[in-house]
Amino acid sequence: MTTSSSERGVSLGMPELPAPAYPDDVRARLETDAREVIARYPDSRSALLPLLHLVQSEEGHVTRTGMQFCADILGLTTAEVTAVATFYTMYRRRPSGDYQVGVCTNTLCAVMGGDAIFESLQEHLGVGNGGTTEDGKVTLEHIECNAACDFAPVVMVNWEFFDNQTPGSAKRLVDDLIAGRPVQPTRGAPLCTFKETARILAGFPDERPGAVEASGGAGPASLVGLRLARGEAAPARVVHPRDGGPHDEPQDRAPQDRGVHEPSPTEHLSSHDAPQDTSASDPAHPAGPVAEEGE
C-alpha cells in the first residue's frame with residue numbers, strides 16, 4: 001500500500017496562493033490609520049516598522065495579509081516587508097496570547113533565578129518556549145535581555161516590567177492574567193492586551209485615563225548614576241571585604257586617618273580568590289561529571 005505525497009506531508013513545490021485580502025471595512029480603517037503614520041515620515045518606506053505594529057494590532061500577529069497590506073500601501077515588494085517582519089522578534093508570526101510573558105534568561109537574570117522562573121512557568125502552564133495556553137490568554141517565551149539588570153530577575157508582560165520576581169510570584173502573576181484579575185506592573189503604564197500594546201507601538205496615543213502619566217519606567221536603582229551626577233546620593237560606603245563588611249567612613253577625614261584593615265599572614269590577599277571548599281579543592285569529596293558531554 002502506498003501513500004500520497006500529501007499524506008506523507010511532502011511539499012511538491014507548488015507556489016503559495018496570494019494572501020487573502022482584509023474585508024473592505026477593515027482595510028478602509030487600516031488605510032486611514034496607515035496614512036496618518038506615513039505622513040510622519042519624509043520617506044514613506046520609513047513607516048514600515050510602525051505599520052507592522054498596526055497590522056499586528058488587528059489580528060494579534062503579523063499575517064501574510066498584513067504584510068501584503070504594508071507592501072501595497074508603501075509601494076514595496078512582499079519580500080522586502082517579509083525580510084523586516086521576520087528580523088524583529090517583536091513581530092509575531094503566528095497566533096499568540098493576549099499576554100506575552102517574557103522571562104529574561106540572559107546572564108544576570110539567569111544567575112539571579114531567571115532560568116528557574118522560566119522552567120517553573122513552563123511546567124505550571126504546560127507550554128514550551130513560544131507556546132500559548134489553550135485558553136489563548138498567555139504566551140510564554142524566554143527573552144535574552146529585558147534591559148533591567150538592576151531589577152533582576154525580571155519578567156515582562158506585553159513589555160511592561162515586573163521586577164525582582166521569583167518562581168512563586170511569577171506563577172501567581174500568570175494565574176491572575178488567566179483568571180482576569182487586575183495586575184499592576186512594578187513600574188510603567190497599566191497593563192493592556194497585546195493588541196492594544198501593538199497599536200500604541202504603532203504610534204497611536206494610549207487613551208486610557210491616567211495611562212500616560214503612569215508611563216515613567218525608570219526605578220530608583222536605575223537612577224543612581226543620575227543622582228550621583230547631581231550630588232544627591234548618600235555618602236559613599238567604603239567596603240573592606242577582608243574583615244567582613246562595609247563601614248560608613250566620615251567624608252571629612254583624610255585618607256591616611258581612615259581605618260585600614262591590615263590582613264594577617266593567614267589571610268588571603270584578595271577576598272575574590274580566597275580558597276573555597278569545592279569538589280575541586282577538597283580531595284575528600286571528589287565530584288565527577290554529572291552527565292556525559294553533549295547531554
Side-chain angles (χ1 to χ4, degrees), residues 49-50 53 56-57 60-61 88-92 96-122 124-125 127 129-133 137-228 233:
L49 295 181
H53 283 298
Q56 185 163 248
S57 73
H61 66 295
Y88 294 102
T89 59
M90 290 181 73
Y91 301 122
R92 311 298 175 189
S96 54
D98 293 334
Y99 299 100
Q100 302 279 337
V101 177
V103 182
C104 184
T105 56
N106 212 334
T107 306
L108 183 57
C109 277
V111 169
M112 298 296 288
D115 285 341
I117 291 173
F118 185 62
E119 291 174 5
S120 67
L121 287 183
Q122 288 187 94
H124 186 66
L125 295 173
V127 299
N129 183 39
T132 301
T133 54
K137 291 285 188 180
V138 170
T139 295
L140 177 66
E141 63 179 350
H142 80 83
I143 297 178
E144 285 304 317
C145 184
N146 280 328
C149 302
D150 40 0
F151 297 100
V154 174
V155 173
M156 293 192 88
V157 180
N158 295 347
W159 314 117
E160 298 295 346
F161 288 103
F162 291 81
D163 302 325
N164 301 310
Q165 293 294 294
T166 66
S169 67
K171 287 189 285 189
R172 289 192 296 272
L173 170 61
V174 296
D175 287 344
D176 287 343
L177 293 172
I178 291 172
R181 291 187 285 267
V183 171
Q184 183 63 40
T186 307
R187 50 204 164 94
L191 199 62
C192 58
T193 67
F194 184 71
K195 289 183 179 180
E196 292 169 330
T197 301
R199 183 171 176 81
I200 295 169
L201 291 174
F204 293 94
D206 188 343
E207 298 178 350
R208 296 174 297 159
V212 175
E213 292 77 7
S215 295
S222 301
L223 298 175
V224 169
L226 179 61
R227 293 180 60 214
L228 283 169

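Basis for what follows: all heavy atoms, side chains included, without hydrogens, waters or symmetry-related copies.
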Is it the case that the side chain of Asn158 and the backbone of Asp98 share a donor-acceptor pair, with hydrogens and angles ignored and the cut-off at 3.5 Å? yes
Min side-chain heavy-atom separation Asp175-His124 under 4.5 Å: yes
Verify, without hydrogens or angle tests, whether Gln165 (side chain) and Asp163 (backbone) share a donor-acceptor contact under 3.5 angstrom. yes
Please assess Asn129 against Phe118 for the test side-chain contact (heavy atoms from CB on, under 4.5 Å), listing each intermediate value before the final yes or no. CA-CA 9 Å; Asn129 183 39; Phe118 185 62; 3.8 Å; yes
Centroid-centroid under 6.0 Å between His61 and Tyr91 rings: no
Side chain to side chain contact (heavy atoms under 4.5 Å, CB included) partners of Ser96, counting only residues at least two apart: Arg92, Gln100, Thr132, Thr139
Side chains of Leu125 and Val101 in contact at under 4.5 Å (non-hydrogen atoms): no
Could you go through Met90 and Leu201, starting from their C-alpha distance and side-chain angles, then the distance that decides it, and tell me whether this counts as side-chain contact (heavy atoms from CB on, under 4.5 Å)? CA-CA 10 Å; Met90 290 181 73; Leu201 291 174; 3.5 Å; yes
Are any of the side-chain heavy atoms of Leu140 and Gln122 separated by less than 4.5 Å? yes
Do Lys171 and Leu121 have side chains that get closer than 4.5 Å, going by heavy atoms? yes
Determine whether Phe151 and Phe162 satisfy the following criterion, side-chain contact (heavy atoms from CB on, under 4.5 Å), listing intermediate values before the conclusion. CA-CA 9 Å; Phe151 297 100; Phe162 291 81; over 6 Å; no
Student check: side-chain heavy atoms of Val138 and Val127 closer than 4.5 Å: no
Quick check: does any side chain N or O of Asp176 sit under 3.5 Å from a backbone N or O of Val183, one acting as donor and the other as acceptor? no
